Amino acid sequence: MRVVADQEALHAQALLDDVGEVAQRVRRARRVVLRDRADAYDPPALAQRGDRRLQLLAAHARRVLRLLDTLVTEARGAERGVAEGPLRVAAFRSAALHLLPAALERLAARHPGIRPEVRVVRELGPGTAGEVAEGRAELGIATLGGSSPVPAGLIGGVLLDEPYSLVHPAGHPDPRSLPLVDWHENCGSYTRAWWAGQDWIPRATVLTEDDGAVLSMVANGHGMAIMPALSLAGAPDSVEITDLGADRPTRSVGYVTTPELASSVVVRALIRELRAAHA
């Protein structure tokens, strides 16, 4: 038994050394190719040249490098029996404000060695899932389904389904007569169809950058809006929230990650806390 254990320990150390050496070689290559020629791999420049293949190559390189870093960090953490290392999270504004904090608090209590880095990204087009696909985040909090399906090559799961509601200045006698304040954000096909079938919803008078600005304008009496529950968390007393009925639209909010990182300790730990916080 001791011989077998010693042999397994040697194999584990050799694997750790190999992974570390590979990571160092890839980093050296990255400095030569991706850093010294950063302009050739700059996403805006690539988009202007229309060279999607190089964009995909750069994204793949970021994901491979992150996986190698994760393998090294987890192997070292396993020797001490701890989970540690950075964890980059992309989230849209209302999720970062109202969905993530409870999960991150639980994560810090269980795994103080994990260092989350949260980046707020507009949930429009590729959105947070695009950040994960491009290798800029290990996990994204995203709108799932409809016009924003999980991109090919990623995996994910729904954490909650939240309803949309009508929000308007408190005490207004006819809130549906007010002008509409809106913002651009991904939504599901049912929400789009429901919206198109409501003849009382006018064309937006004001379009803002995000849902926070929308709520602020409504609170100051500049109109009404139709918003999901996360966007209305912590709404001031100057607004009133009205249910839109049984056929109201909903938004599915969940997480996305890459198949190669889904089994990593840091990603699994945050997913576990997200599920527990919203069970």
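All values derive from a computational prediction rather than experimental measurement.
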Which pair of heavy atoms, one from [X] and one from [Y], lies closest together, and at what distance?
X	Y	value
Pro86	Glu138	O-OE1, 4.4 Å
Val118	Ala96	CG1-CB, 4.4 Å
Thr257	Val132	CA-CG1, 3.8 Å

- [ ] Begin from the C-alpha positions of Leu180 and Leu178 and carry the test side-chain contact (heavy atoms from CB on, under 4.5 Å) through to its verdict.
- [x] CA-CA 6 Å; Leu180 177 68; Leu178 291 168; over 6 Å; no
Task: Partners meeting side-chain hydrogen bond (donor to acceptor under 3.5 Å, both in side chains) with Arg80 (sequence neighbours left out) - done: Glu84
Task: Any residue meeting side-chain hydrogen bond (donor to acceptor under 3.5 Å, both in side chains) with Arg119, in chain and number order, not counting sequence neighbours - done: Glu131
Task: Nonpolar side-chain network containing Leu207, other nodes, edges under 4.5 Å - done: none
Task: Phe92 side chain reached by Val121 side chain, heavy atoms, under 4.5 Å - done: no
Task: Non-hydrogen side-chain atoms of Leu144 and Val256 separated by less than 4.5 Å - done: yes
Task: Expected output: side-chain Arg62 to main-chain Glu134 donor-acceptor under 3.5 Å - done: yes
- [ ] Measure from the side-chain N and O atoms of Ser177 to the backbone N and O of Asp174, and report whether any donor-acceptor pair falls under 3.5 Å.
- [x] yes
In a table with atom names and distances, give each donor-acceptor pair under 3.5 Å that connects a side chain of residues 244-254 to protein atoms at least two apart or in another chain.
| residue | atom | partner | partner atom | Å |
| --- | --- | --- | --- | --- |
| Arg248 | NH1 | Gly245 | O | 3.1 |
| Arg251 | NE | Glu162 | OE2 | 2.6 |
| Arg251 | NH1 | Glu185 | OE1 | 2.9 |
| Arg251 | NH2 | Glu162 | OE2 | 2.5 |
| Ser252 | OG | Asp161 | OD1 | 2.4 |

Open item on the list: Applying side-chain hydrogen bond (donor to acceptor under 3.5 Å, both in side chains) as the test, list every pair that has at least one member in residues 236-246; sequence neighbours left out.
Closed with: His168-Thr242
- [ ] Please assess Glu117 against Arg88 for the test salt bridge (Lys or Arg N to Asp or Glu O under 4.0 Å), listing each intermediate value before the final yes or no.
- [x] CA-CA 5 Å; Glu117 303 168 6; Arg88 300 174 301 171; 5.5 Å; no
- [ ] Report whether Leu139 and Leu67 are members of the same hydrophobic cluster (ILVMFWY, side-chain heavy atoms less than 4.5 Å apart, transitive linking).
- [x] yes
Open item on the list: Counting only heavy atoms from other residues, nucleotides and ligands, does the tally under 6.0 Å from NE2 of His184 exceed 12?
Closed with: no
Acceptor/donor pairs from residues 211-222 side chains to any protein atom, 3.5 angstrom cut, sequence neighbours excluded:
| residue | atom | partner | partner atom | Å |
| --- | --- | --- | --- | --- |
| Asp211 | OD1 | Arg93 | NE | 2.8 |
| Asp211 | OD1 | Arg93 | NH2 | 3.4 |
| Asp211 | OD2 | Ser231 | OG | 2.5 |
| Asn220 | ND2 | Ser216 | O | 2.7 |

